[in-house]
Structures are given as C-alpha cells and as structure tokens.
Amino acid sequence: MGGILYCYLRRLIPVSTNEKEHAGHDCGEDCHSSASGVRKSHHSPEFKNGLTTRLNRIEGQIRGVKGMIERDTYCDDVLNQLAAVQAALNSVGKLLLEGHMKSCIIERIEAGEHEVIDELLITVNKLMK
C-alpha cells in the first residue's frame with residue numbers, strides 16, 4: 001500500500017498552485033505554519049463544526065458504553081457498541097485525512113517539501129492499524 005501511495009503522491013508534485021481552497025480549508029500564503037514555526041491547520045468553520053458535532057456524538061457513545069459496563073450489560077451488546085464507536089472515530093479520521101491530503105500535503109509538495117510524503121505514509125500506517 002505504501003509504495004502505491006508514494007507513487008501517487010509523487011505525481012502530485014506538478015499540480016497547479018492557483019487553487020488555495022481545498023476540502024474544508026481556507027488557506028492563504030504559507031497557511032500551515034505560524035510565526036513560531038509550529039504547523040497549524042486552517043479548517044473552515046463549517047468543517048470544524050462538522051467534526052465537533054461528530055466528536056460530541058462519539059463522546060456520548062463512550063459515556064453510553066461506560067454506563068452499559070456499569071449496569072453489567074451483556075458483553076456482546078457492549079462489544080457491538082464499541083464497534084460503532086470505532087467506526088465513528090474512523091469516519092472522523094477519514095475526513096481529516098482527506099482534508100489533509102487535499103490541502104496540507106499538496107501545498108507542502110508544491111513548496112518542495114517532499115519529506116511530507118514520508119510523514120503521510122507514517123500517519124496512514126498508524127490509521128490502518
């Protein structure tokens with residue numbers, strides 16, 4: 001998987017620099033670093049609100065699972081709820097990964113920072129565990 005993704009990203013290097021808005025991100029010049037050199041993302045308010053809503057829902061699911069355990073709910077029912085929580089977390093991760101690839105990764109490749117490909121591969125491997 002890593003080799004295919006690496007080759008795909010390498011083909012992205014010549015992409016146009018005209019488009020500065022990508023997948024829920026409103027980016028200006030050098031939008032992914034601050035004056036202190038710390039990298040930051042710049043999500044649109046709508047994108048952040050969507051993620052926050054999903055995370056709030058997940059937080060409620062976690063509290064529900066905790067309550068199920070406290071009430072001695074049948075293990076299979078708890079495990080099914082845990083699977084639902086994991087699927088919801090994976091959904092948030094996929095949205096963030098998509099936005100990251102469509103904005104941060106492309107912009108850093110355009111800026112000549114090809115080491116971002118290795119960074120992305122490490123992150124994708126962590127997400128796939």
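Please read all numbers here as calculations on a predicted model, not as lab measurements.
Take Arg54 and apply the side chain to side chain contact (heavy atoms under 4.5 Å, CB included) test, not counting sequence neighbours, and it matches Arg57, Ser91, Val92, Leu95.
Here Ile109 contributes atom CD1 and Met101 contributes atom CE; the two are 8.5 Å apart, rounded to the nearest 0.5 Å. Between the SG atom of Cys75 and the CE atom of Met68 there is a distance of 10.0 Å, given to the nearest 0.5 Å. Separating the CG atom in Asn80 from the OG1 atom in Thr73 is a distance of 12.0 Å, to the nearest 0.5 Å. In this structure, His43 NE2 and Asn49 CG are separated by 12.0 Å, a value rounded to the nearest 0.5 Å. The CZ atom of Arg63 lies 10.5 Å from the CD atom of Gln61; values are rounded to the nearest 0.5 Å. Here the straight-line distance linking atom CD of Glu59 with atom OG1 of Thr52 works out to 11.0 Å at 0.5 Å rounding.
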Test side-chain contact (heavy atoms from CB on, under 4.5 Å) applied to Leu97 and Leu120, step by step:
CA-CA 9 Å; Leu97 179 61; Leu120 177 63; 3.7 Å; yes
Begin with the C-alpha distance, continue with both residues' side-chain angles, and end with the deciding distance and a verdict on side-chain contact (heavy atoms from CB on, under 4.5 Å) for Thr53 and Asn56.
CA-CA 5 Å; Thr53 298; Asn56 287 338; 5.6 Å; no
Could you go through Glu107 and Glu113, starting from their C-alpha distance and side-chain angles, then the distance that decides it, and tell me whether this counts as side-chain contact (heavy atoms from CB on, under 4.5 Å)?
CA-CA 9 Å; Glu107 289 177 11; Glu113 299 176 41; over 6 Å; no
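A donor-acceptor contact shorter than 3.5 Å links the side chain of Arg71 to the backbone of Gly67.
Under the 4.5 Å side-chain heavy-atom criterion for Ile, Leu, Val, Met, Phe, Trp and Tyr, Val85 and Tyr74 are members of distinct hydrophobic clusters.
Side chains of Leu96 and Phe47 form a contact here, defined as non-hydrogen atoms less than 4.5 Å apart. Between Asn125 and Ile122 the shortest side-chain heavy-atom distance does not fall below 4.5 Å. Side-chain contact between Glu119 and Val116 is present, with at least one heavy-atom pair separated by less than 4.5 Å.
Remark: the Asp77 side chain and the Gln81 side chain contain no N/O donor-acceptor pair separated by less than 3.5 Å.
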